[in-house]
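To start, the structure itself, in C-alpha coordinates.
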Amino acid sequence: MCLNIVLKNLFFTSTVLSLIIGCADTKGKNGVSWHDVARREMVHNQIVARGIMDTNVINAMLSVERHRFVPKELERLAYSDYPLPIGEDQTISQPYIVALMTEKVALQSSHRVLEIGTGSGYQAAILSLITREVYTIEIIPSLAQSAAERLKELGYNNVYVKCGDGFLGWPEAAPFDAIIITCAPPEVPQPLIEQLAEGGRLIVPLGDNFQVLTLYTKVNGKLEKTDIAPVRFVPMKGIIEEQ
Ligand code: SAH
(Lines give C-alpha, C1' and ligand atoms only; values in the text may rest on other atoms or scores of the structure.)
Protein backbone atom coordinates (compact mmCIF):
# COMPACT_ATOMS: atom_id res chain seq x y z
CA MET A 1 0.00 0.00 0.00
CA CYS A 2 2.68 2.41 1.20
CA LEU A 3 4.99 1.48 -1.68
CA ASN A 4 2.10 2.06 -4.04
CA ILE A 5 1.68 5.64 -2.83
CA VAL A 6 5.42 6.28 -3.07
CA LEU A 7 5.47 4.94 -6.62
CA LYS A 8 2.43 7.01 -7.60
CA ASN A 9 4.09 10.14 -6.17
CA LEU A 10 7.30 9.32 -7.98
CA PHE A 11 5.41 8.90 -11.25
CA PHE A 12 3.54 12.19 -10.70
CA THR A 13 6.76 14.08 -9.87
CA SER A 14 8.64 12.71 -12.86
CA THR A 15 5.70 13.45 -15.19
CA VAL A 16 5.49 17.05 -13.95
CA LEU A 17 9.26 17.39 -14.23
CA SER A 18 9.37 16.04 -17.76
CA LEU A 19 6.52 18.38 -18.75
CA ILE A 20 8.41 21.35 -17.30
CA ILE A 21 11.62 20.27 -19.03
CA GLY A 22 9.69 19.63 -22.23
CA CYS A 23 7.98 23.04 -22.17
CA ALA A 24 11.30 24.77 -21.83
CA ASP A 25 12.39 22.78 -24.90
CA THR A 26 15.67 21.94 -23.22
CA LYS A 27 17.53 18.84 -24.29
CA GLY A 28 17.86 15.91 -21.90
CA LYS A 29 21.19 14.55 -20.66
CA ASN A 30 21.71 12.71 -23.92
CA GLY A 31 21.06 15.81 -26.05
CA VAL A 32 17.59 14.61 -27.12
CA SER A 33 14.62 17.01 -26.94
CA TRP A 34 10.92 16.17 -26.57
CA HIS A 35 10.29 16.61 -30.28
CA ASP A 36 13.17 14.32 -31.30
CA VAL A 37 11.55 11.60 -29.20
CA ALA A 38 8.04 12.41 -30.44
CA ARG A 39 9.20 12.40 -34.07
CA ARG A 40 10.89 9.01 -33.75
CA GLU A 41 7.78 7.58 -32.14
CA MET A 42 5.61 9.08 -34.88
CA VAL A 43 7.74 7.50 -37.60
CA HIS A 44 7.91 4.15 -35.83
CA ASN A 45 4.24 3.86 -34.77
CA GLN A 46 2.40 5.66 -37.55
CA ILE A 47 4.63 5.46 -40.64
CA VAL A 48 6.76 2.30 -40.57
CA ALA A 49 4.14 0.25 -38.67
CA ARG A 50 1.62 1.01 -41.45
CA GLY A 51 3.91 -0.24 -44.18
CA ILE A 52 5.83 2.78 -45.52
CA MET A 53 9.17 1.34 -46.71
CA ASP A 54 10.87 4.01 -48.84
CA THR A 55 13.92 4.97 -46.77
CA ASN A 56 14.04 8.47 -48.30
CA VAL A 57 10.48 9.10 -47.10
CA ILE A 58 11.24 7.66 -43.65
CA ASN A 59 14.40 9.76 -43.30
CA ALA A 60 12.60 12.92 -44.40
CA MET A 61 9.81 12.32 -41.88
CA LEU A 62 12.49 11.81 -39.19
CA SER A 63 14.24 15.00 -40.16
CA VAL A 64 11.51 17.65 -40.70
CA GLU A 65 10.47 19.30 -37.42
CA ARG A 66 6.71 19.11 -37.84
CA HIS A 67 6.05 21.14 -34.67
CA ARG A 68 7.51 24.16 -36.51
CA PHE A 69 4.69 23.96 -39.07
CA VAL A 70 1.71 24.19 -36.68
CA PRO A 71 0.48 27.11 -34.56
CA LYS A 72 2.56 27.52 -31.38
CA GLU A 73 -0.33 26.50 -29.09
CA LEU A 74 -0.66 23.15 -30.94
CA GLU A 75 3.07 22.39 -30.99
CA ARG A 76 2.70 19.51 -28.52
CA LEU A 77 0.16 17.80 -30.78
CA ALA A 78 2.27 18.10 -33.92
CA TYR A 79 3.39 14.44 -33.86
CA SER A 80 -0.08 13.02 -33.19
CA ASP A 81 -1.88 10.69 -35.57
CA TYR A 82 -4.34 13.23 -37.02
CA PRO A 83 -4.55 16.46 -39.06
CA LEU A 84 -4.36 19.81 -37.22
CA PRO A 85 -5.76 23.27 -37.95
CA ILE A 86 -3.27 25.79 -39.40
CA GLY A 87 -5.59 28.82 -39.62
CA GLU A 88 -7.91 30.09 -42.40
CA ASP A 89 -10.05 26.94 -41.90
CA GLN A 90 -7.28 24.80 -43.41
CA THR A 91 -5.36 21.81 -42.02
CA ILE A 92 -1.93 20.19 -42.08
CA SER A 93 -2.48 16.56 -43.15
CA GLN A 94 -2.08 13.54 -40.87
CA PRO A 95 1.62 12.44 -40.92
CA TYR A 96 0.82 9.01 -42.39
CA ILE A 97 -1.08 10.52 -45.33
CA VAL A 98 1.89 12.84 -46.07
CA ALA A 99 4.21 9.80 -46.07
CA LEU A 100 1.82 7.67 -48.15
CA MET A 101 1.34 10.34 -50.85
CA THR A 102 5.10 10.95 -50.99
CA GLU A 103 5.91 7.25 -51.30
CA LYS A 104 3.28 6.63 -53.99
CA VAL A 105 4.76 9.18 -56.42
CA ALA A 106 8.10 7.25 -56.36
CA LEU A 107 10.46 10.20 -56.14
CA GLN A 108 14.08 10.32 -57.24
CA SER A 109 16.73 12.86 -56.29
CA SER A 110 16.76 14.31 -59.83
CA HIS A 111 13.00 14.94 -59.83
CA ARG A 112 11.16 18.25 -59.95
CA VAL A 113 7.84 18.19 -58.12
CA LEU A 114 4.73 20.37 -58.10
CA GLU A 115 2.51 20.55 -55.01
CA ILE A 116 -0.95 22.15 -55.08
CA GLY A 117 -1.99 23.41 -51.62
CA THR A 118 1.11 24.62 -49.75
CA GLY A 119 -0.79 25.11 -46.46
CA SER A 120 1.84 25.11 -43.71
CA GLY A 121 4.67 24.08 -46.06
CA TYR A 122 5.22 20.76 -44.25
CA GLN A 123 4.62 18.48 -47.25
CA ALA A 124 6.84 20.76 -49.35
CA ALA A 125 9.64 20.45 -46.77
CA ILE A 126 9.38 16.64 -46.89
CA LEU A 127 9.52 16.68 -50.70
CA SER A 128 12.47 19.08 -50.72
CA LEU A 129 14.68 16.61 -48.84
CA ILE A 130 14.04 13.90 -51.41
CA THR A 131 13.99 15.77 -54.73
CA ARG A 132 15.88 18.45 -56.66
CA GLU A 133 13.20 21.17 -56.75
CA VAL A 134 9.76 21.67 -55.28
CA TYR A 135 7.24 24.12 -56.74
CA THR A 136 4.25 24.72 -54.50
CA ILE A 137 1.11 26.83 -55.01
CA GLU A 138 -1.24 28.15 -52.31
CA ILE A 139 -4.45 30.06 -53.02
CA ILE A 140 -4.76 31.83 -49.62
CA PRO A 141 -2.26 34.74 -49.55
CA SER A 142 -1.61 34.72 -45.76
CA LEU A 143 -0.81 30.98 -45.81
CA ALA A 144 1.41 31.32 -48.90
CA GLN A 145 3.35 34.10 -47.23
CA SER A 146 3.81 32.41 -43.86
CA ALA A 147 4.78 29.09 -45.48
CA ALA A 148 7.34 30.83 -47.73
CA GLU A 149 8.87 32.61 -44.72
CA ARG A 150 8.91 29.44 -42.61
CA LEU A 151 10.55 27.34 -45.34
CA LYS A 152 13.20 30.01 -45.90
CA GLU A 153 13.91 30.37 -42.19
CA LEU A 154 14.29 26.59 -41.82
CA GLY A 155 16.66 26.44 -44.78
CA TYR A 156 14.55 24.55 -47.34
CA ASN A 157 16.16 26.46 -50.18
CA ASN A 158 14.99 24.33 -53.11
CA VAL A 159 11.29 25.12 -52.52
CA TYR A 160 9.57 27.81 -54.61
CA VAL A 161 6.25 29.10 -53.24
CA LYS A 162 3.69 30.92 -55.37
CA CYS A 163 0.34 32.41 -54.35
CA GLY A 164 -2.33 31.59 -56.90
CA ASP A 165 -4.88 29.07 -58.13
CA GLY A 166 -3.21 25.66 -58.42
CA PHE A 167 -5.79 24.70 -61.05
CA LEU A 168 -3.54 26.42 -63.60
CA GLY A 169 -0.36 24.74 -62.37
CA TRP A 170 3.03 26.38 -62.96
CA PRO A 171 3.49 26.25 -66.76
CA GLU A 172 6.82 28.14 -66.75
CA ALA A 173 8.40 25.40 -64.60
CA ALA A 174 6.70 22.38 -66.27
CA PRO A 175 7.00 19.49 -67.00
CA PHE A 176 7.03 17.92 -63.53
CA ASP A 177 8.11 14.38 -62.68
CA ALA A 178 5.49 14.27 -59.94
CA ILE A 179 2.44 16.32 -58.90
CA ILE A 180 0.93 16.11 -55.40
CA ILE A 181 -2.47 17.73 -54.87
CA THR A 182 -3.26 18.25 -51.18
CA CYS A 183 -6.77 19.69 -51.55
CA ALA A 184 -9.69 17.79 -53.07
CA PRO A 185 -11.01 18.60 -56.58
CA PRO A 186 -13.91 16.66 -58.14
CA GLU A 187 -11.61 15.81 -61.07
CA VAL A 188 -7.98 16.40 -62.06
CA PRO A 189 -7.55 19.90 -63.57
CA GLN A 190 -6.59 19.60 -67.27
CA PRO A 191 -3.57 21.98 -67.03
CA LEU A 192 -2.01 19.70 -64.41
CA ILE A 193 -2.39 16.65 -66.65
CA GLU A 194 -0.60 18.59 -69.39
CA GLN A 195 2.19 19.65 -67.01
CA LEU A 196 2.94 16.06 -65.89
CA ALA A 197 6.01 14.58 -67.63
CA GLU A 198 5.82 11.31 -69.56
CA GLY A 199 6.22 8.50 -66.98
CA GLY A 200 5.34 10.99 -64.24
CA ARG A 201 2.97 10.33 -61.35
CA LEU A 202 0.19 12.48 -59.95
CA ILE A 203 -1.59 11.82 -56.66
CA VAL A 204 -4.85 13.50 -55.68
CA PRO A 205 -7.77 13.12 -53.24
CA LEU A 206 -10.70 13.03 -55.68
CA GLY A 207 -14.29 13.82 -54.70
CA ASP A 208 -16.24 16.06 -52.33
CA ASN A 209 -17.77 14.45 -49.22
CA PHE A 210 -16.49 11.00 -50.09
CA GLN A 211 -12.93 11.21 -51.42
CA VAL A 212 -10.58 8.59 -52.78
CA LEU A 213 -6.82 9.08 -52.84
CA THR A 214 -6.07 8.35 -56.49
CA LEU A 215 -2.74 7.78 -58.24
CA TYR A 216 -2.28 8.50 -61.95
CA THR A 217 0.73 7.54 -64.07
CA LYS A 218 1.28 9.09 -67.50
CA VAL A 219 2.03 6.35 -70.03
CA ASN A 220 2.27 7.24 -73.74
CA GLY A 221 0.51 10.52 -73.03
CA LYS A 222 -2.45 8.81 -71.32
CA LEU A 223 -3.27 8.53 -67.61
CA GLU A 224 -3.43 5.14 -65.91
CA LYS A 225 -5.48 5.24 -62.71
CA THR A 226 -5.14 3.38 -59.38
CA ASP A 227 -7.37 3.91 -56.32
CA ILE A 228 -5.33 3.99 -53.09
CA ALA A 229 -7.55 4.68 -50.06
CA PRO A 230 -10.54 6.66 -48.79
CA VAL A 231 -9.38 10.01 -47.36
CA ARG A 232 -10.68 13.38 -46.15
CA PHE A 233 -9.05 16.60 -47.40
CA VAL A 234 -10.21 20.24 -47.55
CA PRO A 235 -11.87 21.04 -50.91
CA MET A 236 -9.98 22.65 -53.78
CA LYS A 237 -11.11 26.26 -54.21
CA GLY A 238 -10.94 28.68 -57.12
CA ILE A 239 -11.66 27.97 -60.81
CA ILE A 240 -12.67 24.35 -60.12
CA GLU A 241 -15.63 25.51 -57.96
CA GLU A 242 -17.12 27.41 -60.89
CA GLN A 243 -17.00 24.45 -63.28
N1 SAH B 1 0.07 20.39 -47.90
C2 SAH B 1 -0.32 21.22 -46.78
C3 SAH B 1 -1.73 20.98 -46.30
C4 SAH B 1 -2.72 21.28 -47.33
S5 SAH B 1 -4.29 21.81 -46.80
C6 SAH B 1 0.64 21.08 -45.62
O7 SAH B 1 1.60 20.28 -45.70
O8 SAH B 1 0.46 21.78 -44.63
C9 SAH B 1 -4.87 22.24 -48.41
C10 SAH B 1 -4.41 23.60 -48.87
O11 SAH B 1 -4.84 23.74 -50.21
C12 SAH B 1 -5.02 24.76 -48.09
O13 SAH B 1 -4.02 25.57 -47.57
C14 SAH B 1 -5.85 25.48 -49.14
O15 SAH B 1 -5.90 26.87 -48.98
C16 SAH B 1 -5.13 25.09 -50.42
N17 SAH B 1 -5.92 25.23 -51.65
C18 SAH B 1 -7.25 25.01 -51.84
N19 SAH B 1 -7.58 25.23 -53.12
C20 SAH B 1 -6.44 25.60 -53.77
C21 SAH B 1 -6.14 25.96 -55.10
N22 SAH B 1 -7.08 26.00 -56.05
N23 SAH B 1 -4.86 26.27 -55.40
C24 SAH B 1 -3.88 26.24 -54.45
N25 SAH B 1 -4.12 25.92 -53.18
C26 SAH B 1 -5.37 25.59 -52.83
Side-chain angles (χ1 to χ4, degrees), residues 35-36 38-71 74-75 77-86 90-138 143-144 146-162 166 170 173 176-183 200-205 213 215 228-229 231 233-234:
H35 54 83
D36 292 324
R39 206 158 44 252
R40 270 185 231 158
E41 280 178 4
M42 172 191 85
V43 170
H44 183 263
N45 299 337
Q46 302 172 36
I47 309 297
V48 176
R50 292 197 179 113
I52 300 294
M53 287 191 296
D54 185 329
T55 50
N56 291 329
V57 177
I58 292 169
N59 287 337
M61 300 288 296
L62 279 171
S63 167
V64 178
E65 298 190 338
R66 186 171 157 95
H67 65 284
R68 308 263 201 148
F69 292 80
V70 302
L74 299 178
E75 216 179 52
L77 301 177
Y79 299 95
S80 308
D81 197 11
Y82 40 76
L84 286 172
I86 53 168
Q90 305 304 318
T91 52
I92 179 174
S93 309
Q94 179 192 6
Y96 171 64
I97 295 295
V98 173
L100 180 66
M101 290 176 84
T102 311
E103 184 175 67
K104 289 290 178 193
V105 290
L107 298 172
Q108 292 171 20
S109 58
S110 61
H111 280 174
R112 295 165 67 257
V113 183
L114 174 66
E115 180 196 23
I116 308 302
T118 315
S120 68
Y122 178 70
Q123 171 83 71
I126 295 287
L127 297 170
S128 86
L129 293 183
I130 305 174
T131 61
R132 183 151 65 98
E133 283 172 346
V134 181
Y135 294 81
T136 178
I137 307 176
E138 171 56 53
L143 290 179
S146 53
E149 286 168 7
R150 181 178 293 121
L151 289 161
K152 191 167 173 225
E153 189 190 309
L154 296 175
Y156 295 102
N157 297 323
N158 57 342
V159 182
Y160 305 95
V161 183
K162 177 161 97 169
W170 199 317
F176 299 99
D177 303 292
I179 300 180
I180 294 192
I181 305 178
T182 66
C183 44
R201 293 176 172 219
L202 179 153
I203 194 153
V204 56
L213 191 61
L215 177 69
I228 307 290
V231 283
F233 276 75
V234 295

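When reading the values below, keep in mind they use all heavy atoms of this one structure, side chains included, and skip hydrogens, waters and symmetry mates.
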Legend entry - Sidechain N-carboxylate O distance under 4.0 Å for Arg50, Asp81: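 Yes, Arg50 and Asp81 are salt-bridged.
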Would you compute the distance between atom [atom1] of [X] and atom [atom2] of [Y] and round it to the nearest 0.5 angstrom?
{"X": "Ile47", "Y": "Leu100", "atom1": "CD1", "atom2": "CG", "answer": "9.0 Å"}
{"X": "Gln90", "Y": "Thr118", "atom1": "CD", "atom2": "OG1", "answer": "11.0 Å"}
{"X": "Ile137", "Y": "Leu114", "atom1": "CD1", "atom2": "CG", "answer": "5.0 Å"}
{"X": "Arg68", "Y": "Glu75", "atom1": "CZ", "atom2": "CD", "answer": "8.5 Å"}
{"X": "Trp170", "Y": "Ile116", "atom1": "CH2", "atom2": "CD1", "answer": "9.5 Å"}
{"X": "Ile97", "Y": "Leu213", "atom1": "CD1", "atom2": "CG", "answer": "6.5 Å"}

Any side-chain heavy-atom pair of [X] and [Y] under 4.5 Å:
{"X": "Ile52", "Y": "Met61", "answer": "no"}
{"X": "Asp177", "Y": "Val113", "answer": "no"}
{"X": "Leu154", "Y": "Phe69", "answer": "yes"}
{"X": "Glu115", "Y": "Val159", "answer": "no"}
{"X": "Glu65", "Y": "Arg39", "answer": "yes"}
{"X": "Leu215", "Y": "Arg201", "answer": "yes"}
{"X": "Ile181", "Y": "Cys183", "answer": "yes"}
{"X": "Leu77", "Y": "Tyr82", "answer": "yes"}

Mind listing the closest non-hydrogen atom pair of [X] and [Y] along with its distance?
{"X": "Ala178", "Y": "Leu107", "result": "CB-CD2, 3.7 Å"}
{"X": "Val64", "Y": "Tyr122", "result": "CG1-CE1, 3.6 Å"}
{"X": "Ser120", "Y": "Arg150", "result": "O-NH1, 2.7 Å"}
{"X": "His111", "Y": "Ala106", "result": "CE1-O, 3.6 Å"}
{"X": "Pro85", "Y": "Leu74", "result": "O-CD1, 3.6 Å"}
{"X": "Val98", "Y": "Ser93", "result": "CG2-CB, 3.9 Å"}

Legend entry - Verdict with supporting geometry, Arg112 and Thr131, side-chain contact (heavy atoms from CB on, under 4.5 Å): CA-CA 6 Å; Arg112 295 165 67 257; Thr131 61; over 6 Å; no
Inset, instruction - Any side-chain hydrogen bond (donor to acceptor under 3.5 Å, both in side chains) involving residues 97-110? Give me the pairs, sequence neighbours left out, ordered by first then second residue. - result: Thr102-Gln123
Legend entry - Pairs meeting criterion side-chain hydrogen bond (donor to acceptor under 3.5 Å, both in side chains) with involvement of residues 53-62, two or more places apart: none
Inset, instruction - Spell out, as yes or no, whether a donor-acceptor pair under 3.5 Å connects the side chain of Glu133 to the backbone of Asn158. - result: no
Inset, instruction - Spell out, as yes or no, whether a donor-acceptor pair under 3.5 Å connects the side chain of Ser128 to the backbone of Ala125. - result: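 Such a contact is found between Ser128 side chain and Ala125 backbone.
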Inset, instruction - Tell me, please, which residues at least two apart from Glu149 pass salt bridge (charged side-chain N to carboxylate O under 4.0 Å, His left out). - result: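 Once residues adjacent in sequence are excluded, Glu149 has no partner under the salt bridge (charged side-chain N to carboxylate O under 4.0 Å, His left out) criterion.
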Legend entry - Side-chain H-bond candidate by donor/acceptor type, His35 with Tyr79, under 3.5 Å: no
Legend entry - Worked verdict on Val134 versus Tyr156 for side-chain contact (heavy atoms from CB on, under 4.5 Å): CA-CA 10 Å; Val134 181; Tyr156 295 102; over 6 Å; no
